[in-house]
Amino acid sequence: DTGVSQDPRHKITKRGQNVTFRCDPISEHNRLYWYRQTLGQGPEFLTYFQNEAQLEKSRLLSDRFSAERPKGSFSTLEIQRTEQGDSAMYLCASSLLSQEQYFGPGTRLTVT
Amino acid sequence: GENVEQHPSTLSVQEGDSAVIKCTYSDSASNYFPWYKQELGKRPQLIIDIRSNVGEKKDQRIAVTLNKTAKHFSLHITETQPEDSAVYFCAATSFGNEKLTFGTGTRLTIIP
């Protein structure tokens with residue numbers, strides 16, 4: 001499968017714990033995006049990278065959230081001190097230059 | 001920032017009939033309008049997109065129209081089939097903006 005992949009697909013954690021998700025974009029795609037999707041809503045933009053540079057962060061991304069893309073390939077999204085309101089589907093997407101974004105299967109986070 | 005509104009939120013059509021989903025956007029600088037199909041538990045899948053330099057684009061049974069003056073765009077599905085049942089999201093972005101702003105989705109049900 002040469003599409004965007006994400007790991008893990010599901011994560012259950014207790015409130016206050018830290019979690020980290022990984023995204024592997026389509027190879028050669030230089031742009032990588034993180035979105036969050038809650039039930040019944042469209043995806044909401046969190047942040048995006050061009051190569052290894054993080055170029056934009058949404059105000060939805062509190063200081064408990066951090067994202068990295070150290071070598072311009074895969075990316076990680078970490079949430080510290082998780083809260084129940086963090087429960088959502090976290091989607092990663094990648095693109096080359098044409099604005100067309102291709103999504104991964106997502107990581108569903110449940111905070112208990 | 002951009003705001004995208006989508007209607008209707010649910011739509012049921014008889015198999016073989018046509019379905020139309022409409023979206024409006026607020027930012028006149030937006031120039032790229034993709035449509036995504038999301039089946040239950042799966043990733044959003046890019047099905048068609050349109051750029052602001054054209055008014056209509058077709059791909060087999062799917063078409064998208066864009067009215068820049070009125071700032072609205074629509075998805076048209078003809079000869080609907082059961083496998084068209086899904087949630088459809090419209091989105092908008094502008095060159096240099098990168099992040100997609102999504103509508104709230106339309107749950108399309110095809111009645112056999």
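Predicted, not measured: the structure shown is a model, and the values here were computed from it. By convention in this document, chain letters (A, B, ...) are assigned in the order of the sequence lines, proteins followed by strands, and residues within each chain are numbered from 1.
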Same hydrophobic cluster for A:L60 and A:V19, using side-chain heavy-atom links shorter than 4.5 Å among ILVMFWY?
yes

Please classify the contact of B:S94 with chain A as side chain, backbone, both or neither, using a heavy-atom distance under 4.5 Å.
backbone

Minimal heavy-atom distance between B:G41 and A:R9, with the atoms involved, is O-NH2, 4.3 Å

If hydrophobic clusters are built by linking Ile, Leu, Val, Met, Phe, Trp and Tyr wherever their side-chain heavy atoms come under 4.5 Å apart, do A:I79 and A:V111 end up in the same one?
yes

Could you walk me through whether B:F89 and A:Q37 pass side-chain contact (heavy atoms from CB on, under 4.5 Å), step by step?
CA-CA 12 Å; B:F89 292 98; A:Q37 186 177 27; 3.5 Å; yes

A:Y33 OH to B:K99 NZ distance, which is reported to the nearest 0.5 Å
12.5 Å

Verify the neighbour count for atom CZ of A:R64: are there more than 12 heavy atoms of other residues, nucleotides or ligands below 6.0 Å?
yes

Are B:I47 and B:L108 co-members of a hydrophobic cluster defined by side-chain heavy atoms under 4.5 Å apart?
yes

With a 4.5 angstrom heavy-atom cut-off, is it the side chain or the backbone of B:Q38 that approaches chain A, or both, or neither?
side chain

Give a yes or no on this: more than 12 heavy atoms of other residues, nucleotides or ligands lie within 6.0 Å of atom CD of A:E78.
yes

Cluster link A:V4 to A:F21, ILVMFWY, side chain under 4.5 Å
no

Just wondering, more than 12 heavy atoms not from A:E68 lying within 6.0 Å of its CD?
no

Any A:Y35 side-chain heavy atom under 4.5 Å of B:L100 side chain:
yes

May I ask whether B:I48 and B:F73 are part of the same hydrophobic cluster, defined by side-chain heavy atoms of I, L, V, M, F, W, Y residues being less than 4.5 angstrom apart, directly or through others?
yes

Taking the six-membered ring for Trp, is the centroid-to-centroid distance between A:F45 and B:F102 below 6.0 Å?
no

Taking the side chain as everything from C-beta on, heavy atoms only, tell me whether A:Q101 gets closer than 4.5 Å to B:Y36.
yes

Of the non-hydrogen atoms in A:Q41 and B:T104, which two are nearest, and what is the gap between them?
OE1-CG2, 3.9 Å

Flag, side chain of B:R43 to backbone of A:L91, donor-acceptor distance under 3.5 Å:
no

So do the side chains of B:L46 and A:E100 get within less than 4.5 Å of each other, counting heavy atoms only?
yes

Just wondering, more than 12 heavy atoms not from B:Q60 lying within 6.0 Å of its CD?
no

Chain B interface, residue from A:S58, A:G42, A:P43 that has the most non-hydrogen pairs under 4.5 Å:
A:P43

Correct closest heavy-atom pair for A:G104 and B:P44 would be O-CD, 4.4 Å

